[in-house]
Amino acid sequence: MSRIQGAVISSGNELEKLIWERVNRIEDLDNFLETTLQDGENKIFVATKNQIKKSQKINSQYEPDFLGFNPHQRKLYIIEVKDGDQFDTKKSAGEHSTLHNFRNDISSELPYSTEIYMCCFNARNKDEIYAGLKGKFSRDEVMTGVELCFLFGINYDEIVKLRTADQQSNLEYFLTEIIKIPAIKNMILGILKNFRN
């Protein structure tokens with residue numbers, strides 16, 4: 001099960017990487033915060049969790065997956081991205097607290113109005129996300145992958161297509177790993193034997 005959990009985490013990391021490769025990237029977050037003026041381009045510039053962690057200008061123990069800056073509108077989007085949309089109540093409450101605590105930590109440091117979002121990338125609509133998060137986030141604080149890609153100006157369908165291509169190899173990896181467990185292998189062989197009879 002720990003191997004499966006590792007594969008799930010890898011899938012989430014892959015999603016973040018695919019998003020990051022396609023956005024208007026901020027190369028140096030502190031330099032961006034120092035030099036970007038309000039009359040900048042009306043588009044979103046994105047920073048990652050690792051950049052937030054290394055920043056000297058952002059002081060918070062919390063690190064959301066992405067920060068999306070619109071210098072023209074002076075808006076900052078604080079975004080956590082998840083593959084799925086089903087969470088237990090404790091996990092939902094924890095994610096909510098983390099994003100709000102981050103916003104509280106930076107609100108006096110950065111001259112941007114802020115919006116918080118939990119993005120459940122594969123969800124079909126906001127109602128699914130709201131229900132899956134046990135109502136801990138308001139409907140205004142959740143977004144689908146389609147909405148995230150629109151905000152960031154990237155192609156949602158391209159990301160889905162790339163991830164779908166990986167599904168077969170992920171399934172093969174999962175099955176290969178699970179049959180390495182002797183008890184599972186014996187159980188499967190027993191089922192196959194009964195099935196043939």
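Everything numeric here is computed off the predicted structure, so don't read it as measured data. Side chains are part of it too, since the values below use all heavy atoms of this structure and drop only hydrogens, waters and symmetry mates.
Contact of the Tyr117 side chain with the Val142 side chain is not registered, since no non-hydrogen atoms from C-beta on lie closer than 4.5 Å. Contact annotation: the side chain of Ile188 approaches that of Ile179 to within less than 4.5 Å [non-hydrogen atoms, C-beta and beyond]. Using a 4.5 Å heavy-atom threshold, the side chains of Ile159 and Cys149 count as touching. Looking only at side-chain heavy atoms (C-beta outward), Asn70 and Phe45 stay at 4.5 Å or farther from each other.
Hydrophobic cluster of Met187: the remaining members, joined at side-chain heavy-atom separations below 4.5 Å, are Ile191, listed by chain and number.
When the salt bridge (Lys or Arg N to Asp or Glu O under 4.0 Å) test is applied to Lys53, no partner is found at least two apart in sequence or on another chain. Asn104 is linked by a side chain to side chain contact (heavy atoms under 4.5 Å, CB included) to Asn101, counting only residues two or more places apart in sequence or in another chain. For Glu158, the salt bridge (Lys or Arg N to Asp or Glu O under 4.0 Å) partners are Arg22, not counting sequence neighbours. The ring pair (Phe, Tyr, Trp, His ring centres under 6.0 Å) test applied to Phe150 returns no partner, not counting sequence neighbours. For Phe69, the ring pair (Phe, Tyr, Trp, His ring centres under 6.0 Å) partners two or more places apart in sequence, or in a different chain, are Phe32, Tyr112. Glu21 pairs by the salt bridge (Lys or Arg N to Asp or Glu O under 4.0 Å) definition with Lys17, not counting sequence neighbours. In terms of the side chain to side chain donor-acceptor pair (under 3.5 Å) criterion, residue partners of Asp105 (sequence neighbours excluded) are, by chain and number, Ser60. With sequence neighbours left out, the salt bridge (Lys or Arg N to Asp or Glu O under 4.0 Å) criterion links Lys54 to no other residue.
Within the structure, side-chain hydrogen bond (donor to acceptor under 3.5 Å, both in side chains) contacts touching residues 144-155 (residues at least two apart or in different chains) are Thr144-Glu147. Applying the salt bridge (charged side-chain N to carboxylate O under 4.0 Å, His left out) test to residues at least two apart or on different chains, the pairs with a partner in residues 91-101 are Lys82-Glu95, Lys91-Glu95. Residue pairs meeting the salt bridge (charged side-chain N to carboxylate O under 4.0 Å, His left out) criterion with at least one member in residues 128-137, sequence neighbours excluded, are Arg124-Glu128.
Using the six-membered ring where Trp is involved, His96 and Phe137 have ring planes that are perpendicular, over 60° apart on the 30 and 60° scheme.
In summary, Lys57 and Asp30 do not engage in a salt bridge, as defined by a charged side-chain N under 4.0 Å from a carboxylate O.
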